[in-house]
Structures are given as C-alpha cells and as structure tokens.
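Reading through the structure tokens given below for one structure.
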Amino acid sequence: MRILVTGAAGLLGGEVCARLLAEGHEVTGLVHRNPDVRANNGDAVAIPTIAGDVSQPMLGWDEARFAEVAAAHDLLVHCAATVRFDLAEEDYRAVNVGGVAHALALAEAGGMDFLHVSTAYVCGDTSGIIREDEPLPESGFANGYEASKAAGERLVRASNLRWAIARPSIVVGEYESGTIRQFDTTYAAFKLIAEGRVRHMPAREDGTLDFVPIDHVAGGIAVLANRMDDAAGGTFHLVSGQPLPVAQFAQAIGSYPNFHEPDFVAPEGFDPAALPALERRLYRRVAGLYASYFQRDPHFSDSEFRALAGRGCPPTGEPYIRRLIDYCIEAGFLPEA
C-alpha cells in the first residue's frame, strides 16, 4: 500500500514508519517542525517526507498540493497529536481535534482508509473492565488531553471513511531491552520520583498502571494497517492488559539503592500546598500532571485485537519495569548507584 503517516517524526510515528517500510509498503511521513523520522532504536527511517501542519485547514497547503497528496495514498495512519498534559484547551482543540478533522478531510479527498491512533485512557476516570466496544464517556476525563482524544475519536466515527481506531495505554520502552528513543511525558515524572525530588504522590490503594512496550503498540498498528479489511469499523486496545499495582511500581523503584520509593498518600488526604517548596513546584509543574494515573484501576480488555492479530502483549509486571529502569540508568537518564 501507499501509506501516509502523520506525526512521523514523533516517538511512536517513527517506529510505525519503520515497521510499515520493513513490510514492503510505500511510506510517506508527514512532519511539522522536526524533519527527522527515526525508529525507536534511533536509526533514520529512509522514507520521503512532506512538511505540513495538521492544525491548519488543508494542512497549510494550497489546493493543488492538497489534491496531489490525497490522490497519492491508499491509507492514512494518523499518529499526529500533542501528548502533553499541561496545555490550554485551545491548544488541544487545534491539534487533537482540529488535526483529526483536517486529516480526515485529506483522507476523504483521496478516498483513503483511515487508521486513527487514540489512547486507551479515553475511558476517563472509569475503573474496572474497559471493553473496546464500550461507548465513549461524555465526561470524567482527567485532563484536556484525554477529553480531546475522545473528541477526535467521535469525529472519526462520524466520518464516511473506512476507519479503525488504535488505543495504546502508557507507552514505554521496548519489551526485551527497555530501549526508548526519547525520555518525555511519563518518564519526566518517573525521574523526579526516582531521584527523590518528588517524594509524595496521591494514589489509591487499588490504583494500577498499564505500561505497554512501544514495540507491541507499533507492531499492533502495523497489523491493523495490513488488515484494514478486517479491522474496519473496529476499536482496538494496544495495551499490556496486565495492570501493575502502584504499590508494586513503588517497590520496584525502591529496590534500587540509589532511588527513593515514593510515599503514596490517599487522595483525600493529599494537599500539594503542604509539600516543601521545591517539591511543591516540581509536583505542580510535572509529577502532578500524571497523578491521576495513580488513582484509577482500569483493566483494558484487548480481546478484539487478540482475535484479529492472534496475539497480545507479552508478560510485563515487575521484571519488565526493572528492564525499563535499567535502560534509563544505562542511557544516563537516571543516575547510577
């Protein structure tokens, strides 16, 4: 197929491009400010790229360019999004909602199929079993990111295209080695916790985290792209399906002699204003943005993806968390003992 991947310079988009290219597809990467498309291992992905801005109508192109790109591709894989948790509502609306609308318009102009990358956390603050075919909630989102991704999904579902939706959970390093090309989002909060600069986090006793390896997510997106005939109209959780208790996560950190095991506090008894001044600033600027993940217990079912792909995520749990931590130390992101 001739596949256009938006957000191709991003962490997940680059790995998706590498996998689709390796499977023999003609892949074009849509990039914005960063022109470099790289796989998760850091290797450059040798594909043609097009500069465009999904937040702009017709991606900022003139009509001729828009029509040319639309006609040149069979499938659009929409990875482009902002994954930050600290933006204003208008920023989420421009990229995560408007960006979907503009990408859909491009796909419609060329008669492309549309594979949309969302997030499993469009479930909001719901705990318990989360099925892939459940209706989207109207409220209860932890932040503007989750709300905007849900709004983007609604646009996809309302379109006249043949579409499928992929929903990753918390994307972290490669399964066997823990390798990750860039340390951002969740990793920034993890670093502050491990180094003891943020020592207190609000967490429920039954809170869990669904960490999923990037290779499972990118490989799953490639499966959906290859099997759009079967995937069309479906929603697929690309998750570990093995929620890690937050207490076990804390113990894994604390098992390293140079790291600090965080002190989890019941949410109703947690007061950020009572933290020491430096910790209070770091909590509000970074760690606190991810605190909601420690206060939920979603169990994402991936039965639809397993039925389609014939496989799920390999076992994760504490051994996998230790591999992630070991890679952070090896790469110099976290200090050695």
What residue pairs, at least two apart or across chains, pass ring-ring contact (aromatic ring centres under 6.0 Å, His included) with a residue in residues 49-69? none
Test item: Arg181 side-chain N/O and Gly10 main-chain N/O as donor-acceptor pair under 3.5 Å: yes
N/O donor-acceptor pair under 3.5 Å between Asp91 side chain and Leu87 backbone: no
Honestly curious: do Ile170 and Ile130 fall in one hydrophobic cluster under the side-chain, below-4.5 Å linking rule? yes
If only atom types and distance count, is the side chain of Glu23 paired as donor or acceptor with the main-chain N or O of Leu21 below 3.5 Å? no
Which residues pass the salt bridge (Lys or Arg N to Asp or Glu O under 4.0 Å) test with Asp86, sequence neighbours left out? Arg84
Taking the side chain as every heavy atom from C-beta outward, state whether Thr235 and Glu304 have any pair of such atoms under 4.5 Å apart. no
Drop me the distance from Leu161's CG to Asp113's CG, to the nearest 0.5 angstrom. 8.0 Å
Can you list everything that forms a salt bridge (Lys or Arg N to Asp or Glu O under 4.0 Å) with Asp271? Sequence neighbours excluded, please. none
Minimal heavy-atom distance between Tyr187 and Cys328, with the atoms involved, is CE2-SG, 3.6 Å
Should we count CD of Glu205 as having more than 12 external heavy atoms under 6.0 Å? no
Ile50-Met58 co-clustered via ILVMFWY side chain contacts under 4.5 Å: yes
Tell me yes or no: between the side chains of Ser303 and Arg131, is some donor less than 3.5 Å from an acceptor? no
Between Asn40 and Leu11, is there a side-chain heavy-atom distance shorter than 4.5 Å? yes
Taking side chain as C-beta onward, heavy atoms only, is Arg167 less than 4.5 Å from Leu238? no
Among Tyr320, Tyr175, Phe305, find the one that has a ring pair (Phe, Tyr, Trp, His ring centres under 6.0 Å) with His216. Phe305
Kindly work out whether a path of hydrophobic side-chain contacts (I/L/V/M/F/W/Y, heavy atoms less than 4.5 Å apart) joins Ile180 to Leu244. yes
So the salt bridge (Lys or Arg N to Asp or Glu O under 4.0 Å) pairs with at least one residue in residues 70-83 (sequence neighbours excluded) are Arg2-Asp74
Examine distances only and state if a side-chain atom of Asp36 and a backbone atom of Ala44 form a donor-acceptor pair shorter than 3.5 Å. no
Quick one: does any side-chain atom of Thr6 pair with a main-chain N or O of Cys79 as donor and acceptor, under 3.5 Å? yes
Give a yes or no on whether the backbone of Asp210 and the side-chain of Ser169 come within a donor-acceptor separation of less than 3.5 Å. yes
Mark yes or no for whether Asp302, through its side chain, and Phe236, through its backbone, hold a donor-acceptor pair below 3.5 Å. no
Can you tell me how far apart CG (Leu224) and CD1 (Ile165) are? Round to the nearest 0.5 Å. 11.0 Å
Please tell me whether Val37 and Ile3 are part of a single hydrophobic cluster in this structure, the criterion being side-chain heavy atoms less than 4.5 Å apart. yes
Does the side chain of Glu174 pick up a donor-acceptor pair with the side chain of Ser177 at under 3.5 Å? yes
Is there side-chain contact between Leu289 and Asn143, with heavy atoms separated by less than 4.5 Å? no
Contact list for residues 41-66, test salt bridge (Lys or Arg N to Asp or Glu O under 4.0 Å), sequence neighbours left out: Arg65-Glu68
Using a 3.5 Å cut-off and no angle test, enumerate the donor-acceptor pairs between side-chain atoms of residues 114-123 and protein atoms at least two apart in sequence or in another chain.
unit_1	atom_1	unit_2	atom_2	d
Ser118	OG	Glu153	OE2	2.7
Thr119	OG1	Tyr121	N	3.1

Distance (rounded to the nearest 0.5 Å) between Arg204 CZ and Glu268 CD: 10.0 Å
Output for pair (Tyr256 OH, Glu261 CD), nearest 0.5 Å, gives 13.5 Å
Just jot down the ring-ring contact (aromatic ring centres under 6.0 Å, His included) partners of His102, sequence neighbours excluded, or say none. none
Can you tell me which residue pairs pass the ring-ring contact (aromatic ring centres under 6.0 Å, His included) test with a partner in residues 8-50, sequence neighbours excluded? none
Option passing side chain to side chain donor-acceptor pair (under 3.5 Å) with Glu279 (candidates Arg199, His200, Arg284): His200
Min side-chain heavy-atom separation His299-Asp297 under 4.5 Å: yes
Any heavy-atom pair between the side chains of Thr82 and Asn96 that's under 4.5 Å? yes
My understanding is that only residues two or more places apart in sequence, or in another chain, count here; which of them pass salt bridge (Lys or Arg N to Asp or Glu O under 4.0 Å) with Arg197? Glu195
Is the shortest heavy-atom distance from the side chain of Val246 to the side chain of Thr208 under 4.5 Å? no
Asp125 backbone acceptor or donor facing Gln295 side chain under 3.5 Å: no
If you count the non-hydrogen atoms of other residues, nucleotides and ligands that lie under 6.0 Å from CZ in Arg154, is the total more than 12? yes
I'd like to know if the side chain of His237 and the backbone of Ser301 have a donor-acceptor N/O pair within less than 3.5 Å. yes
For Met201 and Val265, what are the C-alpha separation, side-chain angles and deciding distance, and is it a side chain to side chain contact (heavy atoms under 4.5 Å, CB included)? CA-CA 6 Å; Met201 288 287 288; Val265 181; over 6 Å; no
Which residues pass the salt bridge (Lys or Arg N to Asp or Glu O under 4.0 Å) test with Glu89, not counting sequence neighbours? Arg93
Same apolar cluster (I L V M F W Y, side chains within < 4.5 Å links), Val212/Ile221: yes
Could you tell me whether Phe85 and Tyr290 have their ring centroids closer than 6.0 angstrom? yes
Does the pair Leu30 and Val5 meet the rule for a side chain to side chain contact (heavy atoms under 4.5 Å, CB included), with working shown? CA-CA 6 Å; Leu30 182 77; Val5 179; over 6 Å; no
What's in the same ILVMFWY side-chain cluster as Phe141, cut-off under 4.5 Å, chained through other members? none
For the CG atom of Leu75 and the CG atom of Leu4, what is their distance to the nearest 0.5 Å? 9.0 Å
Decide whether a cation-pi geometry holds between Arg296 and Tyr293; the criteria are a distance under 6.0 Å from NZ or CZ to the six-membered ring centre and an angle within 45° of the ring axis. yes
Side-chain contact test, heavy atoms from C-beta onward, threshold under 4.5 Å: evaluate it for Leu106 versus Met112 and give yes or no. yes
Would you please name every residue forming a ring-ring contact (aromatic ring centres under 6.0 Å, His included) with Tyr327, sequence neighbours left out? none
Donor-acceptor check, side chain of Lys191 to backbone of Phe333, threshold 3.5 angstrom: yes or no? yes
Is the distance from the ring center of Phe183 to that of Phe190 below 6.0 Å? no
Go through it in stages, so that I can follow the logic: the residues are Ile214 and Val172, the test is side chain to side chain contact (heavy atoms under 4.5 Å, CB included), and I'd like the CA-CA distance, side-chain angles, deciding distance and then a yes or no. CA-CA 6 Å; Ile214 188 172; Val172 287; over 6 Å; no
Distance from Ile321 atom CD1 to Ile325 atom CD1, nearest 0.5 Å? 7.0 Å
